[in-house]
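Worksheet: the structure to be examined is printed underneath.
Order of the sequence lines fixes the chain letters, A, B, ..., with proteins taken first and strands second; residue numbering starts at 1 for each chain.
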Amino acid sequence: MVKAKRLCAVLLLAGTSAGCATSGGNPADPLEPLNRAVFGFNDAADRAVIKPVARAYRAVLPGTVRTGVSNFFSNLEDIWISMNDVLQGKFQHGVDDLGRFLFNSTFGIAGIFDFASELGFPKHNEDFGQTLGSWGVGSGAYLVLPILGPSTIRDGFGLLLDTQADLVFQIDGVPVHNSLYATRAIGARANLLDASSVIEQAALDKYAFVRDAWLQRRRNLVYDGDPPREREEPDDESTK
Amino acid sequence: MKNSFYLLFALLVPLALAQQLAPDVLVKSISEEVVAILKKDKDIQAGDTKKAADLIEAKIVPHFNFIRMTRIAMARNWRLASPEQQKILADEFKTLLVRTYSTAISNYRDQQIDYKPLRAKPEDTEVTVRSEVKPSGSSQPVSIDYEMEKTPNGWKVYDVKVGGVSLVTTYRDTFASEVRENGVEGLIKSLAAKNRQPERSKAGKA
């Protein structure tokens, strides 16, 4: 059984999704029972620790400070984003994003201010998972990672590389980079407080809702916001 | 100043005129009207989702085609539902979406909304109206796209995509597995149960 699923995951990763649907809902999620367990764990950890800390963070710090913190970490990502642009053949974005990093690191005081966006060089969203996607690697099975949350097999591999390239990861001294990690994570969670309250209200089954939204979101990012239209369900319009 | 102008304008536009408005103009005028109200309404800002829901019912719901939205979310299971059930499903789904949206807009602060130029031919009967919102605390804008269709009663929205995530198709798997396990009646029951839950208090408040 487990072996069959693993084979299934490998096949999905190779982009041949045919015949892998199991009893669960979404054919992109052959590991659903495992994923649900991890999702439950993440949700409990969020409720118990992460969300309360993020709320306190948002209550204590004024908006301008929080934006500064978020910009600081966001700026550090721009170099790796620039490299991913280049790997995807988007050379103009690559130059722009490197320019963003240089400009914001200096004039924006170590990235606390994102002046480059205001000057018409918008932030791009790239990572190695998207680069693999742009090379034609299918997303593979949906995967919920402990604490880190929704991902896929492809994006999980991507994340391994993203982590190696992470500037915060390069900093010597475990206490320093651990506290930077924690600050970044709490800041990111604080920015999502509103979104997560909307999901709580929207979802009949939170696990399935997050999964299906996540998979659409990643597909959208791989195609830089302009994915080809998915086939319409044949019976969508039958009773018009 | 600008907003109160739009508000005045929107109030003066009779529904008959709304039927002839181009889709992008329609979306823009409605959202500007709603934003103007949100900015002034201290109750909604303080998390009064009931009042937010009333606002949505009055200003936004008339421009949506909930039957089509429900049909897309149900996919092939739509045919399994009787006409009576289809009506109930569309109604419950509408309530769920209105409640979700009222949670979302009570979080609205001063985010800036930009509208992209409409890429459509005059004879098109289905168009996508694109906009972007800058959320607070992040420099990365989020896209909000409205899928719209032309009807005799003016342009109607049948899907909203936030950051590429469709409000409607995100429910497909949930609906399908509910119907598979408990039938159409089961789905109606679980939607109704969800809609009877008390409105969530504003989660953002610390």
Under the side-chain hydrogen bond (donor to acceptor under 3.5 Å, both in side chains) test, residues paired with A:T152 that sit two or more places apart: A:D155

Region of A:A195 in contact with chain B, defined by heavy-atom distances below 4.5 Å: neither

Atom pair OG (B:S177) and CG (A:N26), whose distance is rounded to the nearest 0.5 Å: 10.0 Å

B:Y115, OH atom: more than 12 neighbouring heavy atoms under 6.0 Å: yes

Donor-acceptor pair, side chain of B:R99 and main chain of A:Q201, under 3.5 angstrom: no

Residues of residues 207-215 of chain A within contact distance of chain B, non-hydrogen under 4.5 Å: A:A208, A:F209, A:R211, A:D212, A:A213

Pairwise ring pair (Phe, Tyr, Trp, His ring centres under 6.0 Å) hits with a residue in residues 79-101 of chain B, at least two apart: B:F93-B:Y171, B:F93-B:F175

Heavy-atom neighbours of A:Y223 OH exceed 12 at 6.0 Å: no

Under 4.5 Å from any heavy atom of chain B - which part of A:N125: both

Leading residue by heavy atom contact count with chain B [cutoff under 4.5 Å; candidates A:L221, A:L204, A:D205]: A:L204

Polar side chain donor-acceptor pair, B:T170 to A:Q216, under 3.5 angstrom: yes

Residue pair A:V198, B:T100: steps toward the side-chain contact (heavy atoms from CB on, under 4.5 Å) verdict: CA-CA 6 Å; A:V198 172; B:T100 300; 3.6 Å; yes

Partners passing salt bridge (Lys or Arg N to Asp or Glu O under 4.0 Å) against B:D114 (at least two apart in sequence or in another chain): none

Chain A contact via B:T128 - side chain, backbone, both or neither, heavy atoms under 4.5 Å: side chain

